[in-house]
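One structure is given below, encoded as structure tokens.
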There are 2 protein chains.
Amino acid sequence: MIRIGLLGYGNLSRGVEAAIQQNDDMELVAVFSRRDPKSINVKTPGVPALSIDEAKNWVDKIDVMVLGGGSATDLPEQTPEFAKYFNVVDSFDTHARIPEHFDNVDAAAKASNHVAVISMGWDPGMFSLLRMVSSAVLPEGNNYTFWGKGVSQGHSDAIRRIKGVKDARQYTVPVDAAVDQVRSGQNPTFVTRDMHTRECFVVAEEGADLARIEEEIKTMPNYFADYNTTVHFISEEELKRDHAGLPHGGFIFRSGVTGWDKENNHIIEYSLKLDSNPEFTGSVIAAYARAVYRLAQEGQTGCKTVFDIAPAYLSKLSGAELRKTML
Amino acid sequence: MIRIGLLGYGNLSRGVEAAIQQNDDMELVAVFSRRDPKSINVKTPGVPALSIDEAKNWVDKIDVMVLGGGSATDLPEQTPEFAKYFNVVDSFDTHARIPEHFDNVDAAAKASNHVAVISMGWDPGMFSLLRMVSSAVLPEGNNYTFWGKGVSQGHSDAIRRIKGVKDARQYTVPVDAAVDQVRSGQNPTFVTRDMHTRECFVVAEEGADLARIEEEIKTMPNYFADYNTTVHFISEEELKRDHAGLPHGGFIFRSGVTGWDKENNHIIEYSLKLDSNPEFTGSVIAAYARAVYRLAQEGQTGCKTVFDIAPAYLSKLSGAELRKTML
């Protein structure tokens, strides 16, 4: 059995916990948190919630520690720190800071003979794998990434910070016409606005100035200003009833040419339709936790990404079984 | 430069040759054939066509030999034989015989310290990769594979063997309604007939009994009897004008559930739309030839499949460049 520990117990960690139930070679052994452990009810029977300070006493009882924290402040600190004591997996998703994060984690993991996998999930993660492999197979071409339709937590949070907003849910929506253009091999050039729209469901505080809130959303730099944005004011009940889930998904395309005169077109499309973003992300992380465990067993060390791990490491099946049933 | 040799100069080998033009770290150095080399005009300037018997004199001048032969009789002999002298890649696609082929090639490659990759292309190949990774990520679910719309060479050949048939082209066509059912997460159970239809364009010899030909096609066991098959008799000119290309493609789906009560559905879809089946296959093989070269440089030996190779080996870019641009 691969013994998994969880650092944090938010949406993503609970997604990993659910995935562990579906993989009979893994077990969850402990949850660690900065919160008061007494406030945490771990769903898996018999698994303790413990203070983060106790983690170091579990070095011999955990094969892989999954870090469920956020990319803004948690993971840049936690992943290098925990890689000193454990094999780790995180879902660090600030694309621009990945090189720096990789170097920090790699140094810590190599110094302590651990294996770390960073930036795992679906983007970065599965989408990265598809982008990379497809670009290697079709070296002359274009990549396109569409996200959604799905809930963006970051954009929802940004709306919640506006004065007079009680709660909000933001959906990122790919523009169908843009997807169709790519799918038909037209190799279009897009500006930001062409590819996605943003749809916001906002619960305002009583008496708030709705016109001002809508204006603040639509003109917010980086988050909304470059998009066609729709704002719907709804009641708290409607938000709870109609927008409680965390669905997401998206499309990755590689559109490329081959042939002596580059006369032939090829379209590779990979798409995800996910009822639960954190549970799918957690399922990807569980598969890569298996890979981390095996790589560590082989004596490998250092930081890896989705690019560095042979696919067979993800599966419970043996090489012979994989060749017989999946090739 | 990675020096590539080609064994055979059919559609697939010419696809590999075109792909080499698009990868500036590779060069084609020689083509070997069982045919009279004088009958072969190699498209790449300055590259010799040589008798297959001369291949062994090129052991020091070729880094990876790509075997372009067929799975029925060529590759079961050639891949183990050539793995004694070269690092090799083949596209062996008789799924049922892959385990035996793997064992034969593995023994030969290990004994002679070479790296071999078998069963590379898109199915087996890219589709296998997606099937395997998606099954590891969503362990509870179903896989679905649809092929087409595209030309099946095997089925076209089967029609050509019927008495009175001069030429033929067979298209495998996925049933749209079946694809839609899978895409919408219904997890349907299909019989063969539900998933694909077969469309045949046949040039008959003058005076041939068309009704008898049509009947022979539609009742042919394994190839057509289990499918809804349409037969169109056309002229030789029409066949040349409208059916000269070798387009293909298909869809792989993984439809799975997650969550404590398996309450959330997820659909992973990977699809290919290929203007040229042999050129896309050749492009996949070129990327894996790069991987073979690098694995051999590291001192690895033996037979590998798409499951055994970390994605980064396929790309010209360094690990740091991949993390910066693709993750």
Side-chain angles (χ1 to χ4, degrees), chain A residues 15 18-19 21-23 43 95 98-99 102 119 124 126 128-133 135-140 183 185 258-260 263-276 279-280 282-284 287 290 305-312 314-316 319-320 322-324 326-327, chain B residues 15 18-19 21-23 43 95 98-99 102 119 124 126 128-133 135-140 183 185 258-260 263-276 279-280 282-284 287 290 305-312 314-316 319-320 322-324 326-327:
Chain A
Q21 302 296 316
Q22 296 184 288
N23 287 286
K43 204 158 187 175
H95 291 262
I98 285 174
F102 179 91
S119 301
M126 292 293 104
S128 322
L129 174 67
L130 268 290
R131 261 192 291 267
M132 198 236 98
V133 171
S135 299
V137 166
L138 294 175
E140 294 186 62
R183 196 176 274 145
T258 66
W260 204 263
E263 67 274 29
N264 286 314
N265 289 297
H266 305 273
I267 311 275
I268 304 173
E269 176 175 351
Y270 177 77
S271 85
L272 297 173
K273 278 205 297 261
L274 312 175
D275 274 1
S276 166
E279 287 179 7
F280 186 78
S283 297
V284 175
R290 180 182 289 125
T305 74
V306 69
F307 304 142
D308 305 311
I309 297 175
L314 307 180
S315 175
K316 246 178 55 179
L322 289 177
R323 288 188 291 275
K324 195 172 170 182
M326 299 271 170
L327 199 61
Chain B
Q21 303 296 316
Q22 296 184 290
N23 287 287
K43 204 156 185 176
H95 291 262
I98 285 174
F102 180 91
S119 301
M126 293 293 103
S128 322
L129 173 68
L130 268 289
R131 262 194 292 268
M132 198 237 97
V133 171
S135 299
V137 166
L138 293 175
E140 296 187 59
R183 197 176 274 145
T258 66
W260 203 264
E263 67 276 27
N264 287 314
N265 290 297
H266 305 273
I267 311 275
I268 304 173
E269 175 176 352
Y270 176 76
S271 84
L272 297 174
K273 278 206 297 262
L274 313 175
D275 274 359
S276 166
E279 287 180 8
F280 186 79
S283 297
V284 175
R290 179 183 289 124
T305 73
V306 70
F307 303 143
D308 306 311
I309 296 175
L314 307 180
S315 176
K316 246 178 54 178
L322 289 177
R323 288 189 292 276
K324 194 171 171 182
M326 298 271 170
L327 201 59

Worksheet item: For A:Thr305, is it the side chain, the backbone, both or neither that has a heavy atom under 4.5 Å from a heavy atom of chain B?
Response: side chain
Worksheet item: Under the 3.5 angstrom rule, does the side chain of A:Lys273 hit a backbone N or O of B:Glu269 as a donor-acceptor pair?
Response: no
Worksheet item: Checking heavy atoms, do the side chain of A:Phe102, its backbone, both or neither come under 4.5 Å from chain B?
Response: side chain
Fill in: Heavy-atom pair with the smallest gap, counting every atom of B:Pro311 and A:Val133
CB-CG2, 4.0 Å
Fill in: Short side-chain to backbone donor-acceptor contact, A:Glu279 and B:Gly259, under 3.5 Å
yes
Practice prompt. Please report the closest heavy-atom contact between A:Ser315 and B:Met132, naming both atoms and the distance.
Written response: CB-CE, 3.9 Å
Worksheet item: For A:Ser135, what residues pass the side chain to side chain contact (heavy atoms under 4.5 Å, CB included) criterion, not counting sequence neighbours?
Response: A:Asn143, A:Arg254, B:Met326
Fill in: Nearest non-hydrogen partners of B:Asp275 and A:Glu263, listed with the distance
OD2-O, 4.4 Å
Discussion item. On a heavy-atom basis, which atom in B:Asn264 and which in A:Ser276 lie closest, and how many Å separate them?
Written reply: ND2-CB, 3.5 Å
Discussion item. Report which part of A:Ile268 has an atom under 4.5 Å of a heavy atom belonging to chain B: side chain, backbone, both, or neither.
Written reply: both
Worksheet, complete the sentence: Among B:Leu272, B:Leu130, B:Val137, B:Leu129, the residue with the most heavy-atom pairs under 4.5 Å to chain A is B:Val137
Practice prompt. State which residues pass side chain to side chain donor-acceptor pair (under 3.5 Å) with B:Ser283; sequence neighbours excluded, sorted by chain then number.
Written response: none
Worksheet item: Between A:Ala312 and B:Asp308, which heavy-atom pair has the shortest distance, and what is it?
Response: CB-OD1, 4.1 Å
Worksheet item: Between B:Leu314 and A:Ala136, what is the shortest heavy-atom contact and its length?
Response: O-CB, 3.5 Å
Worksheet item: Side chain, backbone, both or neither: which part of A:Lys316 has a heavy atom under 4.5 Å from chain B?
Response: neither
